[in-house]
There are 2 protein chains.
Amino acid sequence: MENIDLVKIFKALSSEQRLNIFKMLYEWNQTTSEVTTDCLCSEEGVEKCFTKTCDCLDLSKSTISHHFKELENAGLINCTRIGQSSVCKINMEAVQAIRDFLK
Amino acid sequence: MENIDLVKIFKALSSEQRLNIFKMLYEWNQTTSEVTTDCLCSEEGVEKCFTKTCDCLDLSKSTISHHFKELENAGLINCTRIGQSSVCKINMEAVQAIRDFLK
DNA sequence: TTTATTGTTTTATAATAATCGAACTTCAAG
DNA sequence: CTTGAAGTTCGATTATTATAAAACAATAAA
């Protein structure tokens with residue numbers, strides 16, 4: 001896909017708030033069942049992730065939107081819209097790049 | 001040792017220059033033979049790493065010193081002095097924390 | 001078609017971070 | 001003891017980032 005830039009990735013994860021956001025998105029993406037959680041998860045990603053994140057953090061919507069953009073720009077997540085709601089999917093290639101970092 | 005803080009670690013690696021420095025230090029630390037390289041390597045770490053880094057990068061000594069401090073503060077490296085020269089060792093626990101990031 | 005919901009973009013501000021030069025400290029060598 | 005080499009610390013400047021409020025856009029619901 002896009003070429004993976006470790007500096008961008010580390011920069012995206014170097015803010016406490018963004019690391020929190022990413023961890024939440026990652027966990028929500030791990031959830032496979034729609035039943036065991038209030039998350040609507042599918043292979044398309046996690047629905048309503050933006051609203052959920054806003055509920056969990058004490059930050060303004062504009063700031064959170066900005067952080068989502070940074071994570072997206074670093075290639076860590078991909079976000080789309082379904083209706084009014086945003087659907088977010090973790091980019092496992094980027095995660096793998098972190099895991100592979102230094103052998 | 002010190003407790004590992006991923007935000008600090010990612011922050012330390014989120015600058016292009018510091019990531020370059022860390023990669024160099026990491027490679028030099030991988031070198032086991034004193035013969036095949038101009039690095040003086042031992043189980044104590046890599047000697048003259050500061051001078052070497054200064055030779056490789058177009059940054060002032062004070063800036064590079066600052067970057068070393070950041071890497072050290074994040075727990076990624078440990079530096080000591082032997083004579084006038086600095087000896088640097090990678091902290092593999094921190095590296096492992098990166099590898100383990102997200103399972 | 002009006003209104004509410006869900007986000008995004010723009011603009012501004014305050015806080016952090018990167019960088020350098022100069023002064024300083026330590027240690028080694030002459 | 002003086003000189004030089006190797007780093008560090010301090011002070012200042014510039015650049016980047018985090019943040020929010022307000023205005024905006026797109027969609028769904030009434």
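In this text, all values refer to a predicted model and were calculated from it rather than measured experimentally. Side-chain atoms are counted along with the backbone in the values below, which use heavy atoms only and exclude waters and symmetry mates. Just so it is clear: chains get the letters A, B, ... in the order the sequence lines come, proteins before strands, and each one is counted from 1.
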Rounded to the Å, how far apart are [X] [atom1] and [N] [atom2]?
| X | N | atom1 | atom2 | result |
| --- | --- | --- | --- | --- |
| B/Lys8 | C/dT16 | NZ | P | 15 Å |
| A/Phe10 | C/dA17 | CZ | C1' | 19 Å |
| A/Glu70 | C/dT8 | CD | P | 14 Å |
| A/Asn73 | D/dT17 | CG | C1' | 14 Å |
| A/Lys48 | C/dT6 | NZ | C1' | 11 Å |
| A/Ile77 | C/dG7 | CD1 | P | 13 Å |
| A/Leu71 | C/dG7 | CG | P | 16 Å |
| B/Lys69 | D/dT9 | NZ | C1' | 9 Å |

Q: Would you mind telling me which residue lines up with the more 5' stretch of DNA chain D, A/Ile64 or A/Lys11, judged by nearest nucleotide?
A: A/Lys11
From the list [options], which nucleotide is the closest neighbour of the side chain of [X]?
| X | options | answer |
| --- | --- | --- |
| B/His67 | D/dA20, C/dC20, C/dA18 | C/dA18 |
| A/Thr51 | C/dG7, D/dG7, D/dA20 | C/dG7 |
| A/Phe50 | D/dT9, D/dT19, C/dG7 | C/dG7 |
| A/Ser15 | D/dA18, C/dT5, C/dG7 | D/dA18 |
| B/Thr63 | D/dG7, D/dA18, C/dT19 | C/dT19 |
| A/Ser62 | C/dC20, D/dA21, C/dT8 | D/dA21 |
| B/Arg81 | C/dG21, C/dT6, D/dG7 | D/dG7 |

Below 4.0 Å: OP1/OP2 of [N] and any side-chain N or O of [X]:
| X | N | value |
| --- | --- | --- |
| A/Ser86 | C/dG7 | yes |
| B/Lys61 | D/dA5 | no |
| B/Arg18 | C/dA17 | no |
| B/His66 | D/dT9 | no |

**Q.** Ring geometry between A/Phe101 and A/Phe10 (parallel below 30°, tilted from 30 to 60°, perpendicular above 60°)
**A.** perpendicular
Q) Do A/Ser60 and A/Thr63 have a side chain donor and acceptor closer than 3.5 Å? A) yes
Q: Step through the shown structure and confirm whether more than 12 heavy atoms of other residues, nucleotides or ligands are within 6.0 Å of CD on A/Gln96.
A: yes
Q | A/Asn91 side-chain N/O to A/Ile77 backbone N/O, donor-acceptor pair under 3.5 Å | A | no
Q.
Under the side chain to side chain donor-acceptor pair (under 3.5 Å) test against A/His67, which residue among A/Arg18, A/Glu72, A/Gln17 passes?
A. A/Arg18
